[in-house]
Amino acid sequence: ARYARMEAEWIYSIVTSLFQSPPTRTQCAQIDIASLPADTLLFVLGQETILCNRQDSVRVVFICLSAFYSVRGILNQSLDGIRLLRRRRKKVAKNILPYTDAIIDYYPRHAEVLQKKLNNNLIVHSFLLNSISSGKRSVEFAKRRWDICIVGGRSKRREAVWKRLLVRGLSLSPASSECLEETILNSRLVLNIHSERYDNVEVPRIIAAIQNGVSVLSEPCYGLNDILPNNLIDICEYKDLGERALFLLSNPAFLHEMSDHARSWYDSVYQSKSSQTLVSTLESILRKI
């Protein structure tokens with residue numbers, strides 16, 4: 001919830017725009033669907049909620065923000081990546097899917113897999129995830145607190161790169177943060193690494209960086225070009241991330257040019273397109289359920 005807080009605010013603002021009165025919003029670990037008023041439309045954000053006791057008059061839309069199926073098969077994943085997806089899939093299959101009428105997924109390639117894997121009666125759409133910015137300006141480049149923003153869950157795969165960066169004398173943000181945006185604004189570069197080797201796109205981290213005018217260095221993300229043009233961020237192989245980070249940080253003019261180009265694209269294209277896509281997706285679902 002902390003990591004996707006700004007994204008949750010944005011989704012809520014779009015959902016609210018579709019109804020005459022604001023929807024009720026709450027954060028809880030478990031929802032007894034049978035206790036809800038008849039004809040409730042329930043939006044469930046993320047995979048941690050436990051649903052129970054189906055009620056036929058209640059319709060459930062699951063907003064998926066993490067992959068739980070392999071997108072291209074096991075050849076593109078490590079054993080730890082396969083295990084991670086399996087744990088998520090078991091959780092979702094037990095606690096959410098039996099009660100769900102429709103899914104909207106942040107990752108277009110993952111949505112394609114869900115359409116093939118899940119019950120034909122389950123409606124699946126993808127959408128372009130965005131976030132609500134606080135509107136704060138990034139700190140002057142030389143005065144930012146950290147060289148690199150590394151906010152995200154810890155894993156051996158990520159920590160191996162972090163250690164290489166520290167040895168080179170670079171300063172890293174904390175891995176956890178009360179506000180991802182605040183950490184990004186105080187970093188010279190945002191580093192994007194999958195927690196395990198599997199197909200995924202860390203949309204909240206990438207879009208928040210672009211939105212706030214901070215450059216992104218990322219390992220390749222399958223299906224990223226379904227969300228944004230690849231030339232808006234710097235991409236290199238996992239094994240080369242340390243050296244590439246050093247090169248980019250030694251060329252602030254290039255970082256500024258890249259971040260300005262990405263921010264311009266966000267302002268002129270993505271901001272309105274993401275809202276329109278989610279509204280269109282939700283309207284389509286509401287007509288069907």
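FYI, the numbering just counts along the sequence from 1.
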Requested in this report: Search all heavy atoms of Gln47 against all heavy atoms of Cys64 and return the closest pair with its distance.
Outcome: NE2-SG, 4.0 Å
Query raised in the report: Roughly how far, to the nearest 0.5 Å, is NE2 of His125 from CD1 of Ile103?
Result: 11.0 Å
Report task. Assess the side chains of Asn76 and Asp199: does a donor N or O sit below 3.5 Å from an acceptor N or O? Result -> no
Query raised in the report: What closest approach, in Å, do Ser259 and Gly213 show between heavy atoms, and which atom pair accounts for it?
Result: CB-O, 3.5 Å
Requested in this report: For Ser131 and Met6, indicate whether the former's side chain and the latter's backbone hold a donor-acceptor pair under 3.5 Å.
Outcome: no
**Report entry** Test item: Asn192 and Cys221 side chains (from C-beta on) under 4.5 Å apart, heavy atoms
**Finding:** yes
Requested in this report: Could you tell me whether Glu159 atom CD has more than 12 heavy atoms of other residues or ligands within 6.0 Å of it?
Outcome: yes
Requested in this report: Might you confirm whether atom CD of Gln30 has over 12 heavy atoms from other residues, nucleotides or ligands at distances under 6.0 Å?
Outcome: yes
Query raised in the report: So Phe68 and Phe62, would you call those rings parallel, tilted or perpendicular, with 30° and 60° as cut-offs?
Result: tilted
Query - Pairing residues for Lys163 by the side-chain hydrogen bond (donor to acceptor under 3.5 Å, both in side chains) criterion, not counting sequence neighbours - result: none
Query raised in the report: Is Arg164 salt-bridged to Glu243, cutoff N-O under 4.0 Å?
Result: no
Query - Contact list for residues 93-102, test side chain to side chain donor-acceptor pair (under 3.5 Å), sequence neighbours left out - result: Arg54-Asp101
**Report entry** Residue that, paired with Ser133, satisfies side-chain hydrogen bond (donor to acceptor under 3.5 Å, both in side chains) out of Glu181, Gln271, Gln211
**Finding:** Glu181
Report task. Please report the shortest heavy-atom distance between Val92 and Pro98, naming the atom on each side. Result -> O-CD, 4.2 Å
Query raised in the report: Members other than Leu165 in its cluster, when Ile, Leu, Val, Met, Phe, Trp, Tyr link by side-chain heavy atoms under 4.5 Å?
Result: Phe141, Ile148, Ile150, Val161, Trp162, Leu166, Leu170, Leu172, Leu189, Leu191, Ile193, Leu217, Tyr238, Leu241, Leu246, Phe247, Leu248, Leu249, Phe254, Leu255, Met258
Requested in this report: Hey, can you tell me if Tyr69 and His110 have their rings parallel, tilted or perpendicular (30° and 60° cut-offs)?
Outcome: tilted
Requested in this report: Measure from the side-chain N and O atoms of Arg59 to the backbone N and O of Asp56, and report whether any donor-acceptor pair falls under 3.5 Å.
Outcome: yes
Query raised in the report: Which other residues end up in the same hydrophobic cluster as Ile74, if Ile, Leu, Val, Met, Phe, Trp and Tyr are linked when side-chain heavy atoms come under 4.5 Å apart?
Result: Ile82
Query raised in the report: For Gly152 and Arg158, which heavy atoms make the closest approach, and how far apart are they?
Result: C-NH1, 3.6 Å
Query raised in the report: Quick one: does Ser264's side chain have a donor or acceptor within less than 3.5 Å of a partner on Asp260's backbone?
Result: no
**Report entry** Separation between CG of Leu129 and CD1 of Ile206, rounded to the nearest 0.5 Å
**Finding:** 11.0 Å
Requested in this report: Tell me, yes or no, whether the heavy-atom count around Arg72 atom CZ, taken from other residues, nucleotides or ligands under 6.0 Å, exceeds 12.
Outcome: yes
Report task. Report yes if the side chains of Phe19 and Leu41 come closer than 4.5 Å at any heavy-atom pair, otherwise no. Result -> yes
Requested in this report: Might you work through the side-chain contact (heavy atoms from CB on, under 4.5 Å) test for Val151 and Ser173, ending with a clear yes or no?
Outcome: CA-CA 7 Å; Val151 172; Ser173 75; 4.1 Å; yes
**Report entry** Arg244 and Glu219 ion-paired at < 4.0 Å
**Finding:** no
Determine all donor-acceptor pairs shorter than 3.5 Å in which one atom belongs to a side chain in residues 222-229; sequence neighbours excluded.
{"from": "Tyr222", "atom 1": "OH", "to": "Arg109", "atom 2": "NH1", "distance (Å)": "2.8"}
{"from": "Asp226", "atom 1": "OD2", "to": "Arg109", "atom 2": "NE", "distance (Å)": "2.5"}
{"from": "Asp226", "atom 1": "OD2", "to": "Arg109", "atom 2": "NH2", "distance (Å)": "3.4"}

**Report entry** With His194 via ring pair (Phe, Tyr, Trp, His ring centres under 6.0 Å) - residues at least two apart
**Finding:** none
Query raised in the report: When you measure from the side chain of Ser284 to the backbone N and O of Ser280, does any donor-acceptor pair fall under 3.5 Å?
Result: no
Query - Sidechain-backbone polar pair: Gln55 side chain, Leu36 backbone, donor-acceptor under 3.5 Å - result: yes
Requested in this report: List the steps, then state whether side-chain hydrogen bond (donor to acceptor under 3.5 Å, both in side chains) holds for Asp105 with Ser126.
Outcome: CA-CA 4 Å; Asp105 194 295; Ser126 63; over 6 Å; no
Query - Arg5 backbone acceptor or donor facing Glu9 side chain under 3.5 Å - result: no
**Report entry** Pairing of Arg83 and Asp80 as salt bridge, 4.0 angstrom limit
**Finding:** yes
Report summary line: Rounded to the nearest 0.5 Å, the CG atom of Leu84 sits from the CZ atom of Arg197 at a distance of 13.5 Å
Query raised in the report: Of all heavy-atom pairs between Ile233 and Ser218, which one has the smallest distance, and what is that distance?
Result: CD1-CB, 3.9 Å
Query - Minimum heavy-atom distance Leu51-Val60, with the two atoms named - result: CD1-CG1, 4.1 Å
Query raised in the report: Between atom CD of Glu7 and atom CD1 of Ile63, what is the distance when rounded to the nearest 0.5 Å?
Result: 12.0 Å
Query - Validation row: Pro23, Tyr12 side chains within 4.5 angstrom (heavy atoms) - result: yes
Report task. Could you tell me whether the side chains of Ser57 and Asp39 share a donor-acceptor contact shorter than 3.5 Å? Result -> no
